[in-house]
Number of protein chains: 2
Amino acid sequence: MAEHGKSTTTDAVYDLLCRAIIEQSLKPGMRLPEDMVGEQFGVSRTIVRHALVRLETEGLVVSKRNRGAFVAEPTLEEARQIFEVRRCLETEVTRLLVERMPRSGFDALEAHVRREHGTKGKDGPVSIRLAGEFHILMAELSGNAVLAKYVTQVVRRCSLIMAMFANSHSADCAVDEHSQIIAAIRAKDTDRAVRLMEHHLGAVADRANFDGTPDTVESILARYGRELAQ
Amino acid sequence: MAEHGKSTTTDAVYDLLCRAIIEQSLKPGMRLPEDMVGEQFGVSRTIVRHALVRLETEGLVVSKRNRGAFVAEPTLEEARQIFEVRRCLETEVTRLLVERMPRSGFDALEAHVRREHGTKGKDGPVSIRLAGEFHILMAELSGNAVLAKYVTQVVRRCSLIMAMFANSHSADCAVDEHSQIIAAIRAKDTDRAVRLMEHHLGAVADRANFDGTPDTVESILARYGRELAQ
DNA sequence: GGATACTAGATCGTATCCAATTTGCGCCAG
DNA sequence: CTGGCGCAAATTGGATACGATCTAGTATCC
């Protein structure tokens with residue numbers, strides 16, 4: 001977040017942890033002891049704490065007083081709230097893009113969709129991350145940096161949620177929906193684009209089996225099992 | 001942000017700095033040397049840096065590499081973007097409140113409006129803060145904590161912007177608009193409530209003389225003057 | 001007068017220390 | 001064998017000192 005200056009050490013640690021969490025290398029609920037993290041990355045505890053503070057303000061980790069930091073475990077209620085905000089923000093992004101898509105915007109979006117197709121059927125975490133980055137790219141093209149930052153945060157938390165709740169046949173089918181959204185924006189059809197985006201996000205949320213299915217016993221036990229296995 | 005634990009020292013420093021910035025005791029562009037801040041509050045630089053990291057991620061301060069932290073000076077373009085996001089988020093809050101305003105919600109809102117009336121014509125910074133807290137209260141009543149957090153951040157940055165750009169007859173006239181919004185929500189008139197909210201935010205933005213007037217020479221000089229006077 | 005080199009000041013990052021609190025274990029009583 | 005009590009270990013929260021690094025402003029030289 002340092003304005004123009006090169007990436008500071010804190011930023012590097014933050015980025016690494018961020019990616020590790022989103023790709024589910026660090027699983028939800030897992031502890032992040034400052035000593036261990038600092039030792040692994042070869043930095044002091046101070047830096048790790050700074051990175052953890054940032055991750056906490058963005059909702060990817062939660063820290064319990066005098067107990068340390070943990071990878072966030074969003075509850076279903078939190079997940080619902082996050083998706084609500086995400087729908088709100090991304091429909092705005094869609095509206096803005098219909099109005100003012102920058103010149104090379106469509107090229108960038110279609111290039112990304114091609115990359116998504118490349119990982120079709122491959123391992124889940126990476127395709128979840130790529131799917132999220134499509135939405136982040138859209139937000140950045142909107143020209144509103146503040147909006148893009150919030151979309152980035154929300155999409156990342158959604159990636160974490162998807163990693164927790166998603167069924168095996170995860171987010172692949174969404175790639176076609178991405179293409180449709182691009183087409184609607186290109187056609188300057190605001191209503192259709194927003195409707196597609198809402199449907200897309202609704203589908204993503206459904207795929208994470210929200211409404212209806214509350215926590216099953218095995219999912220809870222699986223989570224506790226992971227924590228134990230740590 | 002610590003979940004249930006008591007407020008840690010970092011939180012206290014963060015809150016103090018936050019209020020000081022919003023009430024414009026710390027003026028935009030002012031330097032925040034870690035030594036000085038820590039000395040004034042009686043805490044070590046470690047704590048101050050944590051608080052500054054949080055304030056930076058929320059956009060209230062910017063830190064330049066090896067130069068330290070400064071109170072943010074939003075440009076007009078940033079201000080425009082922030083207001084765009086704010087309108088998006090707060091119309092969503094309004095829609096949600098029409099659907100699901102909690103029981104004691106109207107009492108809380110009207111009590112706040114009365115407090116705003118109490119400071120009518122008094123000093124600007126405090127009434128700017130109160131006006132902002134009305135919107136934050138609305139967001140909290142929406143029942144979506146994530147949405148409320150983002151609204152809080154955006155409103156705070158708007159308070160900073162208002163403090164920078166607002167003319168002398170600042171935000172007092174907005175109190176009546178607050179009452180009208182409450183009435184529309186109570187009547188479950190979504191369209192009217194959203195329209196009022198958009199008009200209200202538009203009026204707030206106008207009051208900060210956005211569109212049309214770019215930076216005047218005197219405002220720029222005033223800012224540099226403040227920085228020099230530091 | 002303008003460009004370069006140098007010094008002063010601050011931050012960034014590290015290492016180390018102490019205090020507070022939580023956890024987990026053992027011990028003991030019933 | 002079960003339940004509660006208390007103590008010790010581990011970890012975070014926080015403070016301080018020190019070196020490295022970068023910026024800014026000054027001084028110098030052409």
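Chain letters run A, B, ... following the sequence lines, proteins first and then strands; every chain starts at 1. All values reported here derive from a predicted model rather than from experimental measurement.
Here A/Glu34 pairs with A/Arg45 under the side chain to side chain donor-acceptor pair (under 3.5 Å) rule; sequence neighbours left out. Contacts of A/Ser159 classified as side-chain contact (heavy atoms from CB on, under 4.5 Å), with partners at least two apart in sequence or in another chain: A/Ile22, A/Ile128, A/Val155. Under the salt bridge (Lys or Arg N to Asp or Glu O under 4.0 Å) criterion, A/Glu92 pairs with A/Arg95, B/Arg87, not counting sequence neighbours. Qualifying salt bridge (Lys or Arg N to Asp or Glu O under 4.0 Å) partners for B/Glu99, counting only residues two or more places apart in sequence or in other chains: none. Among residues two or more places apart in sequence or in another chain, the side chain to side chain donor-acceptor pair (under 3.5 Å) test is passed with A/Glu133 by A/Arg129. Checked against side-chain contact (heavy atoms from CB on, under 4.5 Å), B/Ala20 has the following partners two or more places apart in sequence or in another chain: B/Ser25, B/Leu26. By the side-chain contact (heavy atoms from CB on, under 4.5 Å) test, A/Glu77 is found to be paired with A/Thr75, A/Arg80, A/Gln81, residues two or more places apart in sequence or in another chain being considered. Partners of B/Arg100 by salt bridge (Lys or Arg N to Asp or Glu O under 4.0 Å), not counting sequence neighbours, listed by chain and number: A/Glu84.
The two residues A/Gly59 and A/Arg157 come nearest to each other via the heavy atoms O-NE, 3.7 Å.
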Distance-only check: which donor-acceptor pairs under 3.5 Å involve side-chain atoms of residues 103-114 of chain B, not counting sequence neighbours?
unit_1   : atom_1 : unit_2   : atom_2 : d
B/Glu110 : OE2    : B/Arg186 : NH2    : 2.4
B/His112 : ND1    : B/Arg115 : NH2    : 3.3
B/His112 : NE2    : B/Leu130 : O      : 3.0
B/His112 : NE2    : B/Phe134 : N      : 3.4

Output one line per pair: protein atom, nucleotide atom from nucleotides 6-10 of chain D, and distance, for all N/O pairs under 3.5 Å.
none

Contact letters for nucleotides 15-22 of chain D, in which S counts primed atoms plus P, OP1 and OP2 and B counts the base, heavy atoms under 4.0 Å: BB-----S

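Atoms CD (A/Glu34) and C1' (D/dG13) sit 8 Å apart, rounded to a whole Å.
The footprint of chain B on DNA chain C, defined by a heavy-atom cutoff below 4.0 Å, extends from C/dA10 to C/dG13.
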